[in-house]
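Naming convention: chains lettered A, B, ... in sequence-line order (proteins, then strands); numbering from 1 in each chain. Predicted model, so just to flag it, every value in this text is computed and none were measured. Computation of the quantities below employed the complete heavy-atom set of this structure, encompassing side-chain atoms and omitting hydrogens, waters and symmetry-equivalent molecules.
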Protein chains: 2
Amino acid sequence: MPTLTFKLNPLLYLRDPQHTELGQKIISASVTLIDKLGFEQFTFKKLAEEIDSTEASIYRYFENKHRLLLYLIGWYWNWLEYRIDLFTSVLTDPVEKLKACIRVIAEKKKYDTNFDFIDEEALYRIVLAELDKTYLTKQVDVDNKDGLFGGFKSICKKIAEWIKEINPDYPYPHALISTTLLTAKQQIFFADHLPSLTDFKKVSDQAGALEDFLLNLIFQSIKKS
Amino acid sequence: MPTLTFKLNPLLYLRDPQHTELGQKIISASVTLIDKLGFEQFTFKKLAEEIDSTEASIYRYFENKHRLLLYLIGWYWNWLEYRIDLFTSVLTDPVEKLKACIRVIAEKKKYDTNFDFIDEEALYRIVLAELDKTYLTKQVDVDNKDGLFGGFKSICKKIAEWIKEINPDYPYPHALISTTLLTAKQQIFFADHLPSLTDFKKVSDQAGALEDFLLNLIFQSIKKS
DNA sequence: GTTTTATGATAGTAATACTATTATATTTGT
DNA sequence: ACAAATATAATAGTATTACTATCATAAAAC
């Protein structure tokens, strides 16, 4: 089985980390380290120590740690879209597509052997804790102009099309799907850390209940009246 | 008309800023400055210069800038709950209460003369951009144990009760309301910065459409089947 | 076999997030 | 009215962060 790679927006990096050994080590170790320390405590210096390299070398790949985070989250969106495609491309009915897609969004993320040097479980924990920090910045408009949020937008657009097919009169397809994508990760975070803000349990079959919640949320909302 | 004050969790501060002139200046100026610079660029040093005081003096009121942010956001939740109470306490029907409440959540926030030294419009912009950073940290569990998210939880609990009254069989009242509260601010942020993730416009009557979206989202979800 | 390119080693800087100390001004208790 | 307590200001200092710059060397490409 060939290892797949995603073509990410080149503005995310200075040198493409997928094409060199050091680059791959940077990606791989940054996932582990951000997961462990949290983005605030994570530094290029610590990362350099981890992979026996130097700060200066890492700066040749990424302008700063925010761009690196954008890269990782961008990779995640690509991976999620790839998974959505995997489970929906065979389907024709948009209702079925939407259902399959919600399952992918709500499912517990597992390590994907198609992609070397990225631990998807750790990456998803990063998504849970750090995603919002990619756009909640003063430079959001500049970053957006550079297309750095393309992965998120792409998924949103795709799913919004299905919603429009199901009910062309529903006026808020983009809002509904961006809400769904963010709600999925928020509720998992709340289940883990702020349980009184949710109804999902940490341990047991959280994904199933979450999927049920999201299915209800979406399909009731877009129902023709 | 008497100026109202909220009793906030004392663990949020070292010295109560509401009770001294310097404290009030700290609160007031930090709202302006965080709004202007963003939380990342905001420092106690810049704040001290702004109010002609010193870093050391500010540190006597707040342990660090994260606690100060928690204080401001805590104040916001108290203010929002106060507004919800204001518009719902006269109502008896939980459906009506819920509707009125959604209106308060979706409405454009205006300066409230009942509260001196807090600019609610600026504070709401801070909420839009910085709220998630209060809990997306490595110390979230410690902070939660200290009750620092009490304001958010309190609102959630209150509204969840109304949902339970309307439909006792709906299984996800807390998830639904925390989703609503966060969605409201996310969609406003997206309208301003990432318009392809939403269907709301920046300029015109965004609040009205947003309210409609949220009303539909909630009432369709909790509808008895 | 030389030129290009990538990496490593090392150094340096301004800013940040604090902590500590002392002096002075103000308020409070008696 | 005076001493004691308290709040604030002024100043200094520290470890860490987020970079930038320079130079040497090793590996790859032409």
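B:Phe62 comes within contact range of no nucleotide atom at all, as no heavy-atom separation falls under 4.0 Å.
Between B:Tyr71 and the options B:Trp77, B:Tyr76, B:Phe62, a ring-ring contact (aromatic ring centres under 6.0 Å, His included) holds for only B:Phe62.
Checked against the 6.0 Å centroid threshold, B:Phe213 and A:Tyr172 count as a close aromatic pair. A ring-centre distance under 6.0 Å is not found for B:Trp79 and B:Phe6.
Under 4.0 Å is where a charged nitrogen must lie from a carboxylate oxygen, and between B:Arg83 and B:Glu107 at least one such pair does. Between A:Lys158 and A:Asp85, at least one side-chain N (NZ, or NE/NH1/NH2) sits under 4.0 Å from a carboxylate O, which counts as a salt bridge. A salt bridge links A:Lys133 with A:Glu130; the closest basic N to acidic carboxylate O contact falls under 4.0 Å.
As a whole-Å value, the separation of A:Gln24 CD from C:dT7 P is 11 Å. Remark: P of C:dT5 and OH of A:Tyr61 are 14 Å apart, rounded to the nearest angstrom. The CD1 atom of B:Ile58 sits 14 Å away from the C1' atom of C:dT16 (whole-angstrom rounding). Here C:dA15 presents its C1' atom at 12 Å from CD of B:Glu49, a figure rounded to the nearest Å. To the nearest angstrom, C1' of D:dT8 lies 15 Å from CG of B:Leu47.
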Next item on the list: Report, as a single string ordered 5' to 3', how protein heavy atoms within less than 4.0 Å touch nucleotides 9-19 of chain D: B base, S sugar-phosphate only, - not at all.
Entry: BBB-----SBB
